[in-house]
Amino acid sequence: AQSVAQPEDQVNVAEGNPLTVKCTYSVSGNPYLFWYVQYPNRGLQFLLKYITGDNLVKGSYGFEAEFNKSQTSFHLKKPSALVSDSALYFCAVRDMNNQGGKLIFGQGTELSVKP
Amino acid sequence: DSGVTQTPKHLITATGQRVTLRCSPRSGDLSVYWYQQSLDQGLQFLIQYYNGEERAKGNILERFSAQQFPDLHSELNLSSLELGDSALYFCASSKRQGGNTEAFFGQGTRLTVV
């Protein structure tokens with residue numbers, strides 16, 4: 001079965017420091033991977049996606065993600081965290097076995113950036 | 001603003017009742033997905049429609065049903081509601097189904113069953 005895992009429920013970072021939110025995946029074949037962010041009482045906002053090509057993907061709000069096939073990981077990164085980055089982050093993989101191609105989400109990681 | 005509109009934003013209803021959640025996808029998007037978000041289950045896929053036809057079903061209860069209309073808006077019907085159905089229900093849309101296209105989410109409907 002295809003799945004994603006986010007091993008950390010919560011990540012705490014000081015403002016200005018680099019941040020990493022981890023994601024590992026399990027799929028058959030080449031994955032389509034996505035990161036979304038959810039602010040309180042809001043829907044999920046698309047940040048970035050990996051389809052193919054360059055392993056470093058750049059997205060919205062200064063975020064980027066590194067695809068590592070050998071480690072089956074797709075970690076979200078930002079060089080310098082902002083307090084406003086505090087939110088719930090979801091990693092997702094496209095279900096390639098299903099005609100509808102739904103997104104399968106990880107459990108989410110709560111990012112807290114302190115001043 | 002994602003361009004996906006969900007109504008109502010909040011809904012409080014009693015056990016045993018029936019409610020309808022509505023979703024208007026982004027202009028031009030043919031695919032609509034419904035998800036349920038709860039604290040203990042995370043984001044669970046319920047059902048997907050593409051251009052009016054059901055294409056995939058997830059862990060959707062028999063008490064729940066959905067449809068997509070010719071104008072592409074979708075409705076999720078929840079009946080015989082139980083306390084455990086309290087959750088945030090999201091609709092998402094994308095131009096195609098599957099592949100490399102991202103899905104755009106609405107702001108959700110928060111359902112509280114009392």
Side-chain angles (χ1 to χ4, degrees), chain A residues 1-10 23 27 29-54 57-60 63 65 67 74 87-110, chain B residues 1-7 9-10 23-26 29-51 53-60 66 68 74 88-110:
Chain A
Q2 300 177 95
S3 64
V4 290
Q6 294 179 242
E8 300 157 319
D9 289 335
Q10 184 157 14
C23 172
V27 302
N30 295 320
Y32 293 152
L33 294 159
F34 304 80
W35 274 102
Y36 284 82
V37 59
Q38 184 180 23
Y39 296 100
N41 301 314
R42 302 293 298 275
L44 278 73
Q45 295 179 34
F46 169 73
L47 279 179
L48 50 80
K49 65 182 177 183
Y50 172 81
I51 305 302
T52 187
D54 196 347
V57 179
K58 293 192 184 298
S60 307
F63 284 94
F67 172 71
F74 187 55
L88 187 56
Y89 289 80
F90 289 95
C91 180
V93 65
R94 177 76 71 188
D95 182 356
M96 304 299 280
N97 291 334
N98 181 283
Q99 184 184 10
K102 66 181 182 291
L103 291 175
I104 300 169
F105 287 89
Q107 284 295 100
T109 298
E110 186 83 43
Chain B
D1 183 7
S2 67
V4 179
T5 303
Q6 288 188 249
T7 56
K9 286 188 169 52
H10 302 277
C23 169
S24 294
R26 292 190 321 155
D29 285 0
L30 299 178
S31 191
V32 169
Y33 304 82
W34 285 97
Y35 285 84
Q36 179 193 58
Q37 184 180 31
S38 59
L39 283 175
D40 54 343
Q41 294 290 323
L43 270 164
Q44 296 291 312
F45 169 72
L46 295 177
I47 197 164
Q48 184 234 348
Y49 284 83
Y50 180 79
N51 203 21
E53 292 187 9
E54 180 186 304
R55 288 303 177 93
K57 245 180 179 177
N59 298 324
I60 187 167
Q68 186 179 28
S74 179
L88 198 47
Y89 291 84
F90 285 111
C91 163
S93 74
S94 62
K95 287 202 182 308
R96 305 191 303 269
Q97 53 179 359
N100 60 12
T101 52
E102 58 271 30
F104 292 88
F105 283 74
Q107 293 205 9
T109 293
R110 183 169 294 282

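Reminder, nothing fancy here: chain letters follow the sequence lines and each chain counts from 1.
Remark: B:E102 CD to A:Q45 CD distance equals 13.0 Å, nearest 0.5 Å. Summarising the geometry, atom OG1 belonging to B:T101 is positioned 6.5 Å from atom CZ belonging to A:F34; distances are rounded to the nearest 0.5 Å. Here B:L43 contributes atom CG and A:Q38 contributes atom CD; the two are 7.0 Å apart, rounded to the nearest 0.5 Å. Here the straight-line distance linking atom CG of A:L44 with atom CD of B:Q107 works out to 11.5 Å at 0.5 Å rounding. With rounding to the nearest 0.5 angstrom, the NZ atom of A:K102 is 5.5 Å from the CZ atom of B:F45.
Around atom CG of B:N51, more than 12 heavy atoms belonging to other residues, nucleotides or ligands sit under 6.0 Å away.
For a residue to count as touching a neighbouring chain, one of its non-hydrogen atoms must lie under 4.5 Å from one of that chain's; by this rule A:F90 touches chain B with the side chain only. Proximity to chain A is absent for every atom of B:Y50, based on heavy atoms less than 4.5 angstrom apart. Proximity to chain B (any heavy atom under 4.5 Å) is restricted, for A:L88, to the side chain, taken from C-beta onward. B:Q37 touches chain A through its side chain: at least one heavy atom from C-beta onward sits under 4.5 Å away, while N, CA, C and O do not.
Here the closest heavy-atom approach between residue A:R94 and residue B:Y33 is recorded as NH1-OH, 3.6 Å.
A donor-acceptor pair is defined here as one N or O able to donate and one able to accept, closer than 3.5 Å; such a pair exists between the side chain of B:Y35 and the backbone of A:L103. Without hydrogens or angle criteria, A:K49 side chain to B:N100 main chain gives a donor-acceptor distance under 3.5 Å. Remark: side-chain polar atoms of A:Y36 are paired, donor with acceptor, to backbone N or O of B:A103 under 3.5 angstrom.
Counting heavy-atom pairs under 4.5 Å between each of A:L33, A:I51, A:I104, A:T52 and chain B puts A:I51 at the top.
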